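Comments concern the structure below.
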Number of protein chains: 2
Amino acid sequence: MDDRSKTPASSRLTATARQRPSSVTLQDVAREAGVSAATASRALNGSTRNVQSDNVSRVLAAAARLGYVPHVSAQATAKGSIPTVALVVSDVADPYFSSIAVGIIDAAEAGGLVVTMTVADRSPEREVQLVRTLRGQRPQIIIIAGSRINDTDTRGALIDELKQYRAAGGRVVLISQPELPFPTVAIDNVDGARLLARELAGAGYRRLCIIHAPHRIRTSYDRYTGFVTGLEESGISMDANFAMETEFTRSGGYEAARELVERGLRNIELIFAVNDAMALGVMSALRDAGLVPGRDVAVAGFDDISSAVDVVPALTTVTVPLRTAGLEAMRLALADDDAAGEAGIPTVWIPTAVRLRESTPPVSGRLITVR
Amino acid sequence: MDDRSKTPASSRLTATARQRPSSVTLQDVAREAGVSAATASRALNGSTRNVQSDNVSRVLAAAARLGYVPHVSAQATAKGSIPTVALVVSDVADPYFSSIAVGIIDAAEAGGLVVTMTVADRSPEREVQLVRTLRGQRPQIIIIAGSRINDTDTRGALIDELKQYRAAGGRVVLISQPELPFPTVAIDNVDGARLLARELAGAGYRRLCIIHAPHRIRTSYDRYTGFVTGLEESGISMDANFAMETEFTRSGGYEAARELVERGLRNIELIFAVNDAMALGVMSALRDAGLVPGRDVAVAGFDDISSAVDVVPALTTVTVPLRTAGLEAMRLALADDDAAGEAGIPTVWIPTAVRLRESTPPVSGRLITVR
DNA sequence: TTGAAAGCGCTACCAC
DNA sequence: GTGGTAGCGCTTTCAA
């Protein structure tokens, strides 16, 4: 660490040393085209109408000949902001976030914006710090994708930071739960889990175990709550013994399931993990214990990540149109909601859909009765 | 100064209400701290040694009080470049690239650099265009991760663009194959595939089929070549009939395997797909045809993506330390190789390692003989 | 339509 | 040590 922090200093010096070597500027282009910088600027970016067409082409030609690329930072200092959208995700390697990113990137590119992606590493503190740093870049839009965590300290700090950004003319959009005073794209976790529970109850499942993450992680909490609600609506009351708390990861799921098997499954028929990664961990633990997922114990997840269809048996889960969520976020960001005023904070709900697969066969169809 | 006081805040608010709204500047901080802008700047960023300590604290306090965030673009126009590393990947949603990204992001953050990630969508043209756009942002480093594609037109354009960037003081690092005149982090695909082939040959496999992507995709070509080499080294000569070309995706693998089964497997004992996604597609096609992967036909892939251990049977593959590749790329980028001169283009080889799993049981241990 | 010139916010050089 | 001041490259009035 210490080493690392020292390393960049020297390299920065190095970079500084040859920092200002040639680089074609607007002046160069203007000179080459025989016009003023102002005209060149107008020809290149401003409303083309006000520049004589032959001058326009002359400038364009000169720019092409010289390989001119506008200095975005200079444009930014002159104009005030940069045509980028800064995206903060919790984890790049998680398909959940990368799918959202895909949607945002597609929509942004269509709008001529470049997406800058930074990673908060699932830490609320880091998230606040990142927003601070990003503010300095003056992006036009900041989108934060990630489950809210109940953590009042950083929550307040994040709101402050975001408000300052907005006060400086930036647009903020959140992809998570609608609990912060900013436009939000909300995934309907509660309802998805509720419907899943009802479907499973309809398939005959009665004895279930919910494996979830700590309740302060909203996504997990919402799915947990929704599932319980769905069960209750189906006349199944949740026995507290059948919920286990663990980490929000594959290994969290593995550990929980291992412990469950060790303690004796009783006659649990189905394990619902609040995300697919955890569910895969659960399946793995079951297999390691000599049990066959979907036959000995059914398993369900949430997210519908791509491996959900590659495991055997294919995983029952709830699909979340993540790319759509990303697109919607950009739509919200670009929407001119000044008209709407402060009347209401726009919230877009993204619906989810249950995907029943082989990991949860109808109970009656099961060949081997759970002991 | 006078100008400033004349530039009426009121007119700003009216004229360009959303364009240039308040935003604390260095001037504000300096005024608040009762020092000059120069001193404030030095206190905030320059070598602290040259500023009286009480002034430093006064400035820091003022900055904190005002919620000051430096305007990165302004710093950039003044300094010449921005403390960011621009990363170009082919596909965000692909774990291959997101793993590399993780490594780069970790290393960059340790060095105080922000990572900007853009997506070329597997198109060489788009890649060139992105580099052009990115050049405009004047990042300190540009890293391109993605398989080179034999495409001489865009290849030349890319080299030009990159050279111009370097001429302007930027650092370039490639993560792919060492075939462009820039520092490169190279994944040893050839050797990984070669060793895999030898291991499989050692396990008793003799009749194999290679499913690969078009040869102009270097990654696929290298793995194909390496695998063939490995077989030959083991005394197994490749019959051309046993290679199939398809897309570099899961569905490409699926289709190829489906076709293979349809045409009759003959007595193929093992299918090697040049990446795990394709291998998963192969497995899926086999299952859909009523065959059991690993029992009826063995399957092997390359990459060791996370689902490789979740499928049943777990997939034999070649693990690629992608995060390490990312770290190495940053190391190369920050390395002061001016001393080295143009003598040689630094290339770091990332070793790969074979992971034998249940999808390729030793042939003798198989219970059911392949028909 | 066009050019001159005044910034945008910040850094860096140069005297004091 | 510290404060003027001259840029950095670009946009945008304001006259002409």
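So that the names make sense, note that chain A is the first sequence line, chain B the second, and so on, each numbered from 1. Remember, predicted model here, so these are calculated numbers, not experimental data.
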Rounded to whole Å, the NZ-P distance (A:Lys79 to D:dT11) equals 6 Å

| query | Less than 4.5 Å apart, any side-chain heavy atom of A:Ile141 and any of A:Met330? | reply | yes

Are side-chain heavy atoms of A:Leu26 and A:Ser41 found at a separation under 4.5 Å? yes

Counting only N and O atoms by type, is there a donor-acceptor contact under 3.5 Å from the side chain of B:Arg138 to the main-chain atoms of B:Ile82?
-> no

**Study point:** B:Asn55 side chain near D:dG1 phosphate (N/O to OP1/OP2, under 4.0 Å)
**Key:** no

Does a nitrogen or oxygen in the side chain of A:Gln75 sit under 4.0 Å from OP1 or OP2 of D:dT11?
yes

Closest of D:dT11, C:dT1, C:dC10 to the A:Leu26 side chain is D:dT11

B:Thr39 has its side chain closest, among D:dT11, D:dG3, C:dG9, to D:dG3

A:Arg58 CZ to C:dT2 P, in whole Å, measures 9 Å

Taken to the nearest whole Å, CD/A:Gln27 to P/C:dA5 is 13 Å

For D:dG7, does the base pair up with any side-chain atom of B:Thr77 as donor and acceptor (N or O, under 3.5 Å, distance only)?
no

In B:Arg148, B:Arg132, B:Arg122, the residue satisfying salt bridge (charged side-chain N to carboxylate O under 4.0 Å, His left out) with B:Glu127 is B:Arg148

Whichever of B:Asn50 and A:Tyr68 has the more 5' nearest nucleotide on DNA chain D, that residue is B:Asn50

Closest of D:dG3, C:dG9, C:dA12 to the B:Ser36 side chain is D:dG3

Item to complete: Run the salt-bridge test on B:Asp160 and B:Lys163 with the 4.0 Å N-O cut-off and return the result as yes or no.
Response: no

Taking for A:Leu44 and for B:Gly34 the nucleotide of DNA chain D with the nearest heavy atom, the one nearer the 5' end belongs to B:Gly34

Against the side chain of A:Val51, the closest entry in C:dT2, C:dG9, D:dT2 is C:dT2

When rounded to whole Å, the CZ to C1' distance for the pair B:Arg138 and D:dC10 reads 11 Å

Side-chain contact check for A:Val35: nearest option of C:dG3, D:dG3, D:dG9 is C:dG3

query: For C:dC10, does OP1 or OP2 lie under 4.0 Å from any side-chain N or O of B:Asn45?
result: no

From NE2 of B:His71 across to P of D:dC8 the rounded distance in Å is 19 Å

Extract from the structure each pairing of a protein N or O with an N or O of nucleotides 13-16 of chain C at less than 3.5 Å, listing the distance.
unit_1: C:dC13; atom_1: N4; unit_2: B:Arg42; atom_2: NH1; d: 3.4

If we ignore hydrogens and angles and just use 3.5 Å, is the side chain of B:Thr133 paired with the main-chain N or O of B:Val131 as donor and acceptor? no

From CD1 of A:Ile82 across to C1' of D:dG9 the rounded distance in Å is 13 Å

With a 4.5 Å heavy-atom cut-off, do B:Val89 and B:Ile100 have their side chains touching?
no

Rounded to whole Å, the CG-P distance (A:Asp28 to D:dC8) equals 11 Å

